[in-house]
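The structure appears right after this line, and notes come after that.
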Amino acid sequence: MSIMSLILSALSQGMIYAPMALGVFIAFRVLNTPDLTIDGSFVLGMCVCAVVTIAGYPYLGILCGAAAGALAGLVTGLMQTRLGVNAILSGILTMTGLYTVNFMILGGQSNLYLQRAAVNAQGAQTQVACDTMYKDFRQLLVSLTGNRRLDNNLSALIVTGLIVLLAAAALCVFFRTRTGMAIRATGDNEEMVRSSSINADRMRIIGIMLANALVALSGALLCEQQRYADLTFGSGMLVVGLASVIMGQVFFGQRSVTLGIISAVVGSLVYRLILQAAYKVDMPSYAVKLLSAAIVLLALTLPRLKRALAERRAEREA
Amino acid sequence: MSELKLTNLRKTFEKGTVNAKVALDHLSLTVPAGDFITVLGSNGAGKSTLFNAILGKFRLDGGQVVLGGRDLTRLRDYRRALNIGCLYQDPLRGTAPHMTLEENLALAYTRKAKKSFFAVNRRDTAYFRDLLRTLRLGLEDRMKTQMGQLSGGQRQAASLLMATVAEPELLLLDEHTAALDPETAAKVLDLTRSIVAERRLTCLMITHQMQAALRMGNRTIMMNKGRIVLDVSGDERDRMTVDDLTRRFRQQSGQALDNDRMMLEPV
């Protein structure tokens with residue numbers, strides 16, 4: 001593969017995971033709540049999308065996937081607010097429960113390919129690939145440009161990019177509305193929100209639903225792009241999202257919510273580029289999670305290390 | 001401007017344990033519309049508990065909270081906040097540090113603002129700028145500054161605006177100048193006085209400065225062990241000195257005030 005196509009593949013993957021990074025950003029940065037539902041809702045989005053796509057509705061599949069994620073967020077949110085379950089534990093409970101739900105959605109198996117039974121020209125039973133958004137869009141681009149050898153990753157990058165652009169723009173606007181601002185304030189100082197006569201519990205629930213809808217949207221997009229859903233795909237997804245958000249902050253800082261949204265998207269792209277580079281120097285694919293965890297750990301401890309170093313230097317000079 | 005009527009409020013924390021503590025003991029108080037009451041009392045007298053009972057921060061064991069003729073007793077805290085503004089000692093408590101001054105005000109104003117798509121909009125911002133100008137702290141030029149970047153005094157002044165911007169019927173001040181340096185504290189007290197007078201708010205103010213308690217407002221109550229042990233107003237209060245107040249407290253409650261907390265220096 002040429003460098004160009006490697007980069008394209010990394011970018012198209014990064015774009016698919018960008019909504020997930022946005023979801024993590026909303027949960028961890030905006031709401032200031034560690035939400036572990038994310039690992040489960042990613043797979044939920046995948047599974048729901050797979051089933052609906054196989055039934056013949058690829059676009060509805062993506063919407064249903066995202067909506068299912070919002071529902072998962074609702075469950076976690078209700079646990080946190082109405083039942084007073086600790087934030088981390090409520091996410092773990094939903095995530096654990098979702099494993100069973102996802103397994104059932106996939107019809108009692110651990111993975112599902114986007115194909116359906118058909119009869120071929122010879123009259124024999126066979127499996128054919130389902131239509132997906134990515135297939136449709138590639139055909140559209142091919143017919144527009146006349147380029148039959150159009151890179152799959154390029155068309156995927158364009159269509160996912162459009163969706164992410166739309167989602168990010170909508171989020172930027174949303175966080176300036178009264179509801180959006182109240183959600184941000186809930187993450188910043190919940191007591192102040194309550195004393196402003198705003199139902200902070202409701203704001204928290206809306207925020208968690210939104211975050212998980214975005215995460216599930218990523219799962220749905222990935223499902224259509226790679227043409228299968230897999231139960232194991234979610235594990236460690238949260239760390240991947242955090243790594244993206246943190247890396248984005250290196251470039252844009254965390255001054256405003258709009259910059260935060262941009263940085264989450266860019267972070268997701270950069271993260272995949274780094275992974276692609278690591279593969280290029282023969283990093284085995286199973287090393288991804290360790291690398292992600294190391295990146296997050298490093299980013300979290302860097303300020304502390306810096307401070308310790310500065311103190312030591314000051315001590316020596318004194 | 002509304003009347004606040006508290007009837008027979010009862011609250012015992014950690015009931016049924018050895019740590020059981022009676023925080024409100026059949027407390028009744030009527031605050032006529034427009035009254036400005038200062039609240040004194042030693043630590044643990046139940047002053048903040050009284051405020052929290054009015055704000056609905058916990059369930060009462062018994063009693064009734066009525067504001068402006070509406071029974072609030074069964075309403076959740078955020079619903080009561082529609083018509084109650086509150087300010088605490090800690091300036092951090094009433095503001096969102098990572099949001100701008102403008103956004104903080106917009107959020108506080110949300111409960112009474114006209115419908116608008118964006119929370120921060122030209123109409124409201126102009127209103128906030130006028131309000132900030134009355135503080136004379138130059139904050140009207142710092143509306144895009146993050147709240148956390150402002151000094152404690154600036155934050156507390158802004159919090160005072162946030163607590164009153166939505167024109168509450170009742171304003172509760174819980175030692176809101178105690179964490180400020182004397183000069184800033186005096187300024188915030190002045191602002192409090194003028195805002196309360198201008199908007200003719202019904203107001204309760206907890207303070208540990210007896211001098212200020214006598215000088216501000218039109219009535220002073222003193223609490224001990226979850227009850228009101230002293231309630232003075234009018235001529236009697238005008239003639240009262242800090243010494244009189246201490247003596248009266250000792251007579252009524254049969255114990256001395258903890259003077260290390262009750263600061264006697266003039267404000």
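Only a predicted model underlies this, so the values are computations on that prediction, with no experimental measurement involved. Numbered from 1 within each chain, the chains take letters A, B, ... in sequence-line order.
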| field | A/R176 atom CZ, over 12 foreign heavy atoms within 6.0 Å | value |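 No, not enclosed.
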
Please determine, among [options], the option with the most heavy-atom pairs under 4.5 Å with chain A.
| options | answer |
| --- | --- |
| B/L107, B/V165, B/L82 | B/L107 |
| B/A106, B/G85, B/C86 | B/A106 |
| B/R80, B/R79, B/H98 | B/H98 |

[X] versus chain A, heavy atoms under 4.5 Å apart: side chain, backbone, both or neither?
| X | result |
| --- | --- |
| B/N104 | both |
| B/A108 | both |
| B/S159 | neither |
| B/T110 | both |
| B/L55 | neither |
| B/R76 | side chain |
| B/A163 | neither |

For the student: nearest non-hydrogen atoms of [X] and [Y], plus distance:
| X | Y | result |
| --- | --- | --- |
| A/A185 | B/M99 | CA-SD, 3.5 Å |
| A/D188 | B/P97 | OD2-N, 3.2 Å |
| A/N199 | B/Y78 | ND2-OH, 3.0 Å |
| A/R194 | B/A81 | O-CB, 3.5 Å |
| B/K114 | A/R178 | O-NH2, 4.0 Å |

| message | Tell me whether B/D77 contacts the main-chain N or O of A/S195 through its side chain, where contact means a donor paired with an acceptor under 3.5 Å. | response |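 Between the backbone of A/S195 and the side chain of B/D77 there is no qualifying donor-acceptor contact (under 3.5 Å).
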
| message | Report which part of A/V173 has an atom under 4.5 Å of a heavy atom belonging to chain B: side chain, backbone, both, or neither. | response |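 Backbone plus side chain of A/V173, per the 4.5 Å heavy-atom cut-off to chain B.
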
